[in-house]
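Since the structure comes first, as structure tokens, the remarks are kept for the end.
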Amino acid sequence: MKKLLLLSCGTNACFHIAKILKSKFCNDFYIVGCDINKKWLIPTCDCLDEFYQSPFSSDENYYSFVLEVCKKEKIDFILPSFDNDQFLFPCDNQNLKELGVKSLAISSSLDFYHDKERTNNFLELIGIPVPKRFTNDSVENETEYFVKPVHGVGSTGIHKKIGAEIKKSNEDCAKNIIQELCFEPEYTLECFLYNEKIYSVVRERIASKSGVCTKTRIFQDKELEQYAYRLAENSSLPHIFNMQFMKNQKGEYVCTDLNLRTAGGMSLSYAAGWDEISALANIMLGRDEATILSSVNKTVPEQYIVRHYEDSITKVVKKRIAFDLDGTLLDSRKRHEIVMADVLGKYGIELDTSDLVSFKSDGHNNIDWLLSKGISEDKAKEINSDWISLIENSECLKSDSLYPDVEEILSNLSKDNDLFLITARNNKDNAYKQIKQLGIAQYFADISIVDTCSETPALKADKLQKYGVDCFIGDTESDYKAAQIAGCDFKAVNYGFRSKKHWNGISIESLEVLSAEII
């Protein structure tokens with residue numbers, strides 16, 4: 001079984017890809033998806049075997065995040081959806097090769113593809129007609145033009161302006177392209193490249209929504225296909241790509257856009273009988289040429305196709321469950337000991353801190369422990385103040401780890417319940433960063449971090465009521481009080497900062513382990 005990673009898997013294209021693979025190749029592919037949204041907020045979720053909520057592709061941690069997923073899941077193939085993903089994970093990416101991952105993206109050598117102006121210049125150079133471009137000074141006052149972003153995606157940001165408006169606004173030609181007005185309809189040439197041969201269909205865009213075609217006429221056109229051959233002869237291309245055409249003032253075809261990736265409207269071509277995803281799947285599976293080309297090397301009759309939408313239930317919420325973090329999901333006991341030892345060292349005090357957490361678990365605090373060691377009350381308060389100032393530093397947080405099976409438990413619970421994380425920390429930035437790094441943020445419908453103070457129970461209760469929580473799971477009496485104020489059920493755990501003995505002392509049953517069957 002081949003493992004495929006789909007980046008930005010919430011797109012229309014990825015939904016189609018996953019759907020075809022699961023319906024036609026269910027025993028051949030294990031599909032892993034990454035997306036910035038929660039799993040239950042993307043239509044692809046029912047077709048995935050595993051999911052990871054990712055940072056934005058512009059985030060500095062995104063690249064290492066994807067590599068870590070590839071390593072953890074032992075990915076065979078990676079399919080980027082958007083251009084930025086393609087630039088980060090091209091087919092010749094050395095880090096992917098070292099992990100044994102083959103990228104189905106473009107080559108890093110395609111410099112012309114990094115912005116639309118360079119793309120236009122390259123296409124023009126190899127004899128593919130493109131719309132005529134203008135500068136601010138060369139436009140005519142009463143003539144209408146297209147203004148489009150140099151780094152735009154699809155039809156986003158494209159608008160019409162007359163020359164006088166362009167001159168007045170002084171369009172930034174480094175960020176925008178000014179080109180001649182072309183006329184609808186727009187034609188998308190969907191291409192499949194294999195062994196230097198191209199197989200294609202054309203979609204005439206009759207109607208669209210959010211830049212994606214919804215009503216189309218599908219046919220085949222050898223004239224437009226020749227432009228794809230010209231492109232392939234002069235550059236290294238992925239198996240799947242598409243070119244968009246319109247007609248200019250002279251009634252001639254001009255290439256208005258080039259997308260070296262899967263198309264959002266590919267399911268329309270599939271409905272017409274042209275199946276490039278099956279062809280790609282058979283390449284990944286190492287099948288013979290006849291099998292690979294059987295789904296694209298065919299005559300497609302001219303036909304009209306309308307996209308209709310289905311409403312899918314991705315999750316039915318049984319309960320709304322909230323968790324505390326430290327001592328409940330996260331084992332931070334070692335951090336308490338280490339920081340206390342460091343603070344005592346600064347005071348020249350040598351004490352064994354290995355019993356600190358067990359002492360506190362019976363309902364005591366740092367000051368109680370220091371007093372039990374013979375430290376004066378004033379000194380104990382001073383030491384505790386320094387401990388508080390250090391306990392949430394980023395370096396100190398590195399000693400934390402999730403309790404066993406927490407990620408699997410959260411994953412299972414999130415399928416049928418809405419989960420919330422409600423915890424108290426004073427350094428909120430570090431808390432959010434840690435939660436992201438732990439990889440558990442994807443399982444929560446929302447995350448709230450309140451101040452650590454005398455009002456913490458009330459602050460947590462406010463969040464519990466806001467979310468309509470049915471049950472709150474925590475490890476301290478502060479969590480218990482919050483649940484009481486909010487009027488929701490409470491489940492105590494005794495492996496964190498409060499022991500079974502402590503909970504028994506206040507007549508509260510407690511859990512020795514966390515499991516998906518707790519609710």
Do [X] side-chain atoms and [Y] backbone N/O form a donor-acceptor pair below 3.5 Å?
| X | Y | answer |
| --- | --- | --- |
| N93 | L88 | yes |
| W40 | C45 | no |
| S414 | Y443 | no |
| E50 | E73 | no |
| D76 | K2 | no |
| T262 | A13 | no |
| Q442 | K38 | no |
| S81 | L7 | yes |
| S361 | S358 | yes |

[X] atom [atom1]: more than 12 heavy-atom contacts under 6.0 Å:
| X | atom1 | result |
| --- | --- | --- |
| Y309 | OH | yes |
| K102 | NZ | no |
| E350 | CD | no |
| E98 | CD | yes |

For the atom pair [atom1] ([X]) and [atom2] ([Y]), what is the distance rounded to the nearest 0.5 Å?
| X | Y | atom1 | atom2 | value |
| --- | --- | --- | --- | --- |
| K500 | E509 | NZ | CD | 9.5 Å |
| E276 | M266 | CD | CE | 4.0 Å |
| Y30 | L48 | OH | CG | 10.0 Å |
| L410 | D405 | CG | CG | 11.0 Å |
| L514 | L413 | CG | CG | 7.5 Å |
| C47 | I17 | SG | CD1 | 11.5 Å |

Between [X] and [Y], is there a side-chain N and carboxylate O pair less than 4.0 Å apart?
| X | Y | result |
| --- | --- | --- |
| K428 | D451 | yes |
| D49 | K3 | no |
| K379 | E382 | yes |
| D470 | K318 | no |
| R425 | D326 | yes |
| D400 | R335 | yes |
| K381 | E377 | yes |

Margin query: If the condition is ring pair (Phe, Tyr, Trp, His ring centres under 6.0 Å), which residues does Y480 pass it with, not counting sequence neighbours?
Written below: F490
Item checked: Partners meeting ring pair (Phe, Tyr, Trp, His ring centres under 6.0 Å) with Y432 (sequence neighbours left out) -> none
Next item on the list: List the steps and the verdict of side chain to side chain contact (heavy atoms under 4.5 Å, CB included) for T476 and D324.
Entry: CA-CA 9 Å; T476 66; D324 171 55; 5.7 Å; no
Note to self: For a quick check under 3.5 Å, do D378 and S376 share a side-chain donor-acceptor pair by atom type?
What the structure shows: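 Side-chain D/A pair, D378 to S376: absent.
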Check: When the ring planes of Y62 and F65 are compared, do they come out parallel, tilted or perpendicular, using 30° and 60° as the limits?
Finding: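 Y62 and F65: parallel rings.
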Notebook entry, point to check: Between Y270 and H16, what is the ring plane arrangement, given parallel below 30°, perpendicular above 60°, and tilted in between?
Noted result: perpendicular
Checklist line | Passing option when K373 is tested against L356, D355, D368 for side-chain contact (heavy atoms from CB on, under 4.5 Å) | finding: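 With K373 as partner, side-chain contact (heavy atoms from CB on, under 4.5 Å) holds for just one option, D355.
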Notebook entry, point to check: Mind checking what makes side-chain hydrogen bond (donor to acceptor under 3.5 Å, both in side chains) contact with S294, not counting sequence neighbours?
Noted result: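 Per chain and number, S294 pairs via side-chain hydrogen bond (donor to acceptor under 3.5 Å, both in side chains) with no residue.
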Note to self: For a 4.5 angstrom cut-off between non-hydrogen side-chain atoms, does V450 reach T423?
What the structure shows: no
Notebook entry, point to check: Does S278 reach the side chain of F25, with side-chain heavy atoms less than 4.5 Å apart?
Noted result: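 Contact flag for S278/F25 side chains = yes.
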Next item on the list: Identify which one of S109, S108, S236 satisfies the side chain to side chain donor-acceptor pair (under 3.5 Å) criterion when paired with D92.
Entry: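 The single option meeting the side chain to side chain donor-acceptor pair (under 3.5 Å) with D92 is S108.
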Notebook entry, point to check: What are the two closest non-hydrogen atoms of P80 and A105, and how far apart are they?
Noted result: CG-CB, 3.6 Å
Note to self: Please give me the minimum heavy-atom distance between L21 and A281, naming the atom from each residue.
What the structure shows: CD2-CB, 3.6 Å
Checklist line | Name of the residue among F323, F444, Y467, F472 meeting ring-ring contact (aromatic ring centres under 6.0 Å, His included) with F420 | finding: Y467
Next item on the list: For salt bridge (charged side-chain N to carboxylate O under 4.0 Å, His left out), just list the numbers for K315 and D418, CA-CA rounded to whole Å, side-chain angles, deciding distance to a tenth of an Å, and then say yes or no.
Entry: CA-CA 9 Å; K315 181 166 82 172; D418 266 352; 3.0 Å; yes
